[in-house]
Number of protein chains: 2
Amino acid sequence: METLRERKKQRTRDALLRTALELFTTQGYEQTTVDDIAAAVDVSQRTFFRYFAGKEEAALALEEMAVAHFVAAVRERPPHEAPMEALRQAVLEGWDTLNDVIEAVVPIELYLRMYQVIESTPVLFAAHLRRSAEIEESIARVLAEREGLDVDADPRPRVAVAVFGGVMRLTERQWSVGEDFSLDAMRTLTVSYLEQVGPALSESWRTR
Amino acid sequence: METLRERKKQRTRDALLRTALELFTTQGYEQTTVDDIAAAVDVSQRTFFRYFAGKEEAALALEEMAVAHFVAAVRERPPHEAPMEALRQAVLEGWDTLNDVIEAVVPIELYLRMYQVIESTPVLFAAHLRRSAEIEESIARVLAEREGLDVDADPRPRVAVAVFGGVMRLTERQWSVGEDFSLDAMRTLTVSYLEQVGPALSESWRTR
DNA sequence: AGGCTAGTGACAGCCTCTGACAATTGACAA
DNA sequence: TTGTCAATTGTCAGAGGCTGTCACTAGCCT
């Protein structure tokens, strides 16, 4: 943020992002054109594409921050924790501290609303899932490293992350269709779904 | 397939689909325009969009058939099987019988090659994942019904499917980056990843 | 045989995204 | 302060996906 040039650039990007999110969450993603965004910020359409690879990238920018936050949390888990426990703790801690991370850029409320938009907009939801798949691969590597394993030789890191990721995506989805759109509700849901993994995998459900 | 009109329609659709898949698997998805496909079949671009909602739909048409095949297999599992076992058996049986289902439309080889294209083309992969998420929801309902549960009251059906689905997507991905692109390899991978779920969830991996 | 309708082609147009070039503006040294 | 260089932006042009409209043709039905 040294020079004037850099500050101006940052301001343009911020305006673009904030305006985009505002429009997405009010009139919907599909209903908002890039021209709308550019016009609202009073820059050319071309400029928008110089800051964001596409409409999609702007829509997922906050999610990207959250993801980075979680991955960092996983990396910082103490090595003695069992793999699944490390993932669990990282996510729970992530929810607790996400507020500050997001508020540094936009109101947390905008993030939560955007989350809904993502879950309910097919093309965004698809992109979100693809991104999740990428993240899972990198987390599997982190896990493997923690345990001193080779991801390509031992399937357990990837399997563990696949299972965990599956449950996390379920959690996100159920949160988005629920009524309580708070980070706290997200946290609570996370805990309850994770503790259902054991029971769900048990032989028969009838003998609960 | 009664009238001439219906037969002609079917032929146009077949030609469109087959040509599209052929082009996608040879020059790549992004490199193939709808105009290319339409031109190769000698119909107008507009006609392509009358048969497929978009380029994407054509690319995922076979996958859609396979999915329907699997879902049907799950529904036909004997009620006494434990949930996870029913899913496992359905998928394995699915792989065994998929050949005939696909061959009825296009050479199985085209399906396998298209699968690779999907996994390696971001936008297609994303769409594929989104579709998988939809399927998971419907399978969770099947499972709940089998067990006489309410999907919204008992989390276990959705959790079980989320876990299973996570592992299946991992399986697909690893298959697509491997060397053996046969249905048999897919089957083998499925078995080996599924049996890693237990070990991956265990407390510590070091005391294997 | 003639009316009816599904299917198609031909346009026109919107929107996302990219390349190219020129104009503007900030950075920095003389 | 001024001139030069480089970064940023606007403008234009155009490709490609996708949709609406309308007229026309070919199969269908009585």
Side-chain angles (χ1 to χ4, degrees), chain A residues 1-17 19-21 23-24 26-61 117-118 121-128 130-131, chain B residues 1-17 19-21 23-24 26-61 117-118 121-128 130-131:
Chain A
M1 244 67 95
E2 258 312 296
T3 71
L4 166 61
R5 192 174 265 171
E6 278 169 329
R7 267 177 283 134
K8 266 185 130 170
K9 236 177 107 172
Q10 189 61 46
R11 256 183 282 144
T12 304
R13 203 199 122 96
D14 283 356
L16 242 17
L17 180 57
T19 304
L21 295 178
L23 290 174
F24 292 159
T26 50
Q27 22 175 303
Y29 178 75
E30 311 274 18
Q31 289 67 45
T32 305
T33 70
V34 174
D35 283 326
D36 289 341
I37 304 167
V41 181
D42 201 51
V43 295
S44 71
Q45 184 213 52
R46 196 66 183 82
T47 294
F48 174 90
F49 286 108
R50 289 199 173 99
Y51 284 94
F52 300 96
K55 218 170 85 166
E56 203 176 279
E57 188 176 297
L60 298 175
V117 174
I118 293 172
T121 306
V123 59
L124 284 183
F125 185 50
H128 171 60
R130 184 176 57 68
R131 187 64 186 129
Chain B
M1 244 63 100
E2 254 315 295
T3 72
L4 167 60
R5 192 175 268 173
E6 278 170 328
R7 266 176 284 134
K8 265 186 133 170
K9 236 178 107 172
Q10 188 59 46
R11 254 184 284 141
T12 304
R13 202 199 125 95
D14 283 356
L16 241 19
L17 180 56
T19 303
L21 295 178
L23 291 175
F24 292 159
T26 51
Q27 18 174 307
Y29 178 75
E30 312 275 19
Q31 289 67 46
T32 304
T33 70
V34 174
D35 284 324
D36 288 342
I37 303 167
V41 181
D42 202 49
V43 295
S44 71
Q45 186 215 50
R46 195 68 185 82
T47 294
F48 174 89
F49 286 107
R50 289 197 173 100
Y51 283 93
F52 300 96
K55 216 169 86 166
E56 204 175 276
E57 188 175 297
L60 297 176
V117 174
I118 293 172
T121 306
V123 58
L124 285 183
F125 185 51
H128 171 61
R130 186 177 57 69
R131 187 65 185 126

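Owing to the predicted nature of the structure, the values given are computational and were not obtained by experimental measurement. Quick note on labels: first sequence line is chain A, next is B, and so on, each numbered from 1.
In the 5' to 3' direction, nucleotides of DNA chain C lying under 4.0 Å from heavy atoms of chain B begin and end at C/dT5 to C/dA10.
Between atom OH of residue B/Y29 and atom OG1 of residue B/T121 there is a gap of 8.5 Å, rounded to the nearest 0.5 Å. One distance of note links CZ of A/F52 with CG of A/L60; it measures 11.0 Å at 0.5 Å rounding. One finds the NZ atom of B/K9 at 9.0 Å from the OG1 atom of B/T3 (value rounded to the nearest 0.5 Å). The line from CD1 of A/I37 to NZ of A/K55 is 7.0 Å long, rounded to the nearest 0.5 Å. To the nearest 0.5 Å, the span separating CD on B/E6 from CD on B/Q10 amounts to 9.5 Å. Atom CZ of B/F48 and atom CG of B/L17 lie 9.0 Å apart (nearest 0.5 Å).
One N or O on the side chain of A/D36 and one on the backbone of A/T33 form a donor-acceptor pair closer than 3.5 Å. In this structure a side-chain-to-backbone donor-acceptor pair under 3.5 Å is present from B/T26 to B/L23.
Regarding B/Q31, its CD atom lies at a distance of 11 Å from the P atom of D/dG16, rounded to whole Å. In this entry the distance linking CZ of B/F52 with P of D/dT19 reads 14 Å, nearest Å. Between B/E56 atom CD and D/dT19 atom C1' the separation is 17 Å, expressed in whole Å.
Positionally, the nearest nucleotide of DNA chain D for B/F48 lies more toward the 5' end than for the other of B/R7 and B/F48.
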Nucleotide N/O of nucleotides 4-11 of chain D paired with protein N/O under 3.5 Å:
| residue | atom | partner | partner atom | Å |
| --- | --- | --- | --- | --- |
| D/dA7 | O4' | A/R5 | NH1 | 3.0 |
| D/dT8 | OP1 | A/K9 | NZ | 3.1 |
| D/dT9 | OP1 | A/Y51 | OH | 2.9 |
| D/dT9 | OP2 | A/Y51 | OH | 3.0 |
| D/dG10 | OP2 | A/S44 | N | 3.0 |
| D/dG10 | OP2 | A/S44 | OG | 2.9 |
| D/dG10 | OP2 | A/T47 | OG1 | 2.2 |
| D/dG10 | N7 | A/R50 | NH1 | 3.2 |
| D/dG10 | O6 | A/R50 | NH2 | 2.6 |

